Number of protein chains: 2
Amino acid sequence: MRRGDCVDRWNADGESYWTVTEGAMMFLVLLPDGRRHIAFFRFPGELLCPQLDGGFVDYTLQAVCDTKLCRVGSLSVSQASLNGAQADHILDTACTRIARAGLHSLVLGRLTAPERIATFLIDVILRSRLQMEDGVEFLLPMNREDIADYLGLNSETVSRIFTRLRKVGVLALPRPGRAILRDARALLEMIPFEAVEQTLMPAPRIGGGQGSSNGEFGEENGIDRPGRRGAH
Amino acid sequence: MRRGDCVDRWNADGESYWTVTEGAMMFLVLLPDGRRHIAFFRFPGELLCPQLDGGFVDYTLQAVCDTKLCRVGSLSVSQASLNGAQADHILDTACTRIARAGLHSLVLGRLTAPERIATFLIDVILRSRLQMEDGVEFLLPMNREDIADYLGLNSETVSRIFTRLRKVGVLALPRPGRAILRDARALLEMIPFEAVEQTLMPAPRIGGGQGSSNGEFGEENGIDRPGRRGAH
DNA sequence: CGAGGTCTTGAGAACTCTCAAATCGTGTGG
DNA sequence: CCACACGATTTGAGAGTTCTCAAGACCTCG
């Protein structure tokens with residue numbers, strides 16, 4: 001798919017789901033008066049599933065850039081049709097999304113524009129399975145307006161902040177769609193969270209798959225208890 | 001419990017969950033620099049469950065006012081320990097929360113202060129199982145600051161908008177903690193959504209919820225490519 | 001090399017916030 | 001029962017961040 005191509009209501013039969021293989025997808029909401037809002041981006045490896053993504057009356061799921069999807073299955077997200085491991089995986093994905101969504105509300109409700117951008121960049125890097133280290137290069141396929149609509153800003157503000165980050169030496173933007181982290185520490189210091197990793201990449205919370213640092217997929221499904229989680 | 005009382009990390013054993021019986025609870029996040037954020041409120045009948053509510057490193061679950069909780073059980077939210085109906089219910093709750101959270105992101109990211117307040121009030125009324133009709137009286141137990149921290153505003157702004165709503169005859173506030181809807185139509189017209197009920201009160205989407213009347217499911221299929229749809 | 005779109009930059013406006021003070025309401029103690 | 005004290009709410013004035021509108025620069029693609 002190319003930028004702007006849609007997966008229309010993306011559930012032919014109400015049950016299909018996909019993963020992103022390459023590129024990125026965005027979930028776009030358009031208000032009657034034209035305001036635009038992007039509810040989330042999905043990167044390679046992440047699941048697209050109507051039941052776990054929905055909640056809007058009007059939306060489209062669009063490709064951010066050249067993107068490939070892989071149809072995982074036509075699966076009723078219901079206990080009746082899942083085996084235990086599948087059910088736990090679905091449920092864990094759901095919980096991770098609740099966590100992410102809650103964090104995003106905090107970002108939109110309480111962070112300044114620069115803080116939102118910094119949080120966004122760190123999130124992109126971590127979800128790309130990269131380290132927060134100087135020199136890492138990462139994909140940033142969405143344009144300024146997409147980022148703005150995701151962060152509750154406008155594109156000019158996003159642009160100004162990117163410019164500032166470039167001038168301060170935090171970030172380099174060698175070509176569109178691509179970015180290099182130049183000063184990881186400075187970027188981390190821009191955001192008002194302490195436990196960044198745990199905050200942005202919530203650990204699985206269902207069925208005990210505790211070791212995985214991969215927020216989106218808890219491929220483990222043992223049934224032992226991780227005990228109390230979170231910072232105390 | 002009285003206002004401010006906490007359910008500390010509310011999962012002694014990591015597995016308990018409750019419902020609110022009376023009053024209201026709020027999920028409070030405090031940033032290191034003192035900024036306050038309320039991720040959600042829970043009203044009577046709604047479920048409190050760490051796995052389905054979490055995602056923050058630091059939070060407290062506090063009573064908004066005099067509140068009673070009822071412990072539903074000590075239940076592992078995992079396929080292994082649930083029967084089919086329970087699992088579907090948990091999963092459906094999770095999906096509803098994803099939906100709500102997505103909507104809340106839109107509210108915080110793209111709505112003006114008066115729109116946020118109007119959306120909030122309508123949400124409170126609908127979740128109290130009341131109709132959007134002139135004259136309905138409803139509980140509004142949270143104070144201005146709580147509302148502000150939930151909506152990404154500050155308490156003075158909330159207060160100003162409430163005052164305006166009172167003067168315009170949309171709302172009456174006979175006593176703290178209680179409100180009367182005077183002009184339902186006017187309140188509805190303040191918000192930029194069309195299908196208010198479906199937007200604010202998402203229908204169940206697990207286990208047969210699919211065929212329902214809202215336009216959420218079951219249209220055409222799969223991936224379409226209407227050329228490029230991103231550019232206007 | 002030209003066209004179209006994206007990104008950048010600037011100037012002014014708008015909305016919301018901050019700080020401050022007055023008012024209101026409730027609970028307490030005399 | 002009344003006075004007082006404390007917290008919550010309201011209101012005002014000014015400041016600040018972000019938005020809007022606009023124009024120019026840049027880049028990619030044909």
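Everything numeric in this text was worked out from a predicted model, so none of it was measured. Sequence lines set the chain letters: A, B, ... in the order given, protein chains first and strands last, and positions in each chain run from 1. No hydrogens, no waters, no symmetry mates; every other heavy atom, side chains included, goes into these values.
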Looking at B:Arg129, I'd like to know if its CZ atom is crowded, meaning that more than 12 non-hydrogen atoms belonging to other residues, nucleotides or ligands lie closer than 6.0 Å. no
Gap between atoms CG and P, on B:Asn154 and D:dG14 respectively (whole Å): 18 Å
Just to confirm, is there a sub-4.0 Å distance from OP1 or OP2 of C:dC17 to any side-chain nitrogen or oxygen of B:Thr157? yes
Could you tell me whether B:Arg166 contacts a base, only the sugar-phosphate backbone, or nothing, with contacts defined as non-hydrogen atoms closer than 4.0 Å? sugar-phosphate
Touch check for B:Gly177, heavy atoms < 4.0 angstrom, all strands: base, sugar-phosphate only, or nothing? nothing
Charged N-O contact under 4.0 Å between A:Arg35 and A:Asp149: no
Among D:dT28, C:dT9, D:dC19, the one nearest any side-chain atom of A:Pro176 is D:dT28
Distance, rounded to the nearest Å, where A:Leu111 contributes CG and D:dT18 contributes C1': 15 Å
Nearest-Å distance, CD1 (B:Ile161) to P (D:dT11)? 13 Å
Output the rounded distance in Å from CG (A:Leu153) to C1' (C:dC15). 15 Å
OP1 or OP2 of D:dT10 under 4.0 Å from side-chain N/O of B:Arg144: yes
Can you tell me whether the side chain of B:Arg160 and the base of C:dT18 have a donor-acceptor pair closer than 3.5 Å? yes
Is A:Glu156 side chain donor-acceptor paired with the C:dC7 base, going by distance under 3.5 Å alone? no
Would you give me the side-chain donor-acceptor pairs under 3.5 Å for residues 179-194 of chain A, sequence neighbours excluded?
{"from": "A:Asp183", "atom 1": "OD1", "to": "A:Arg185", "atom 2": "N", "distance (Å)": "3.4"}
{"from": "A:Asp183", "atom 1": "OD1", "to": "A:Ala186", "atom 2": "N", "distance (Å)": "3.0"}

Whole Å only: how far is the CG atom of B:Leu173 from the C1' atom of C:dT26? 17 Å
Under 4.0 Å between a side-chain nitrogen and a carboxylate oxygen: does that hold for B:Arg110 and B:Glu115? no
Protein-nucleotide distance (A:Phe162, atom CZ; C:dT8, atom C1'), rounded to Å: 13 Å
B:Ser159 side-chain N/O to D:dA8 phosphate OP1/OP2 under 4.0 Å: no
Please give, in whole Å, the distance from D:dT10 C1' to B:Asn143 CG? 14 Å
Atom CG of A:Asp149 to atom P of D:dC19: distance rounded to whole Å? 11 Å
Counting only side-chain N and O atoms of B:Ser155, is one of them less than 4.0 Å from OP1 or OP2 of D:dA8? no
B:Asp53 with B:Arg42: basic N within carboxylate O range, under 4.0 Å: yes
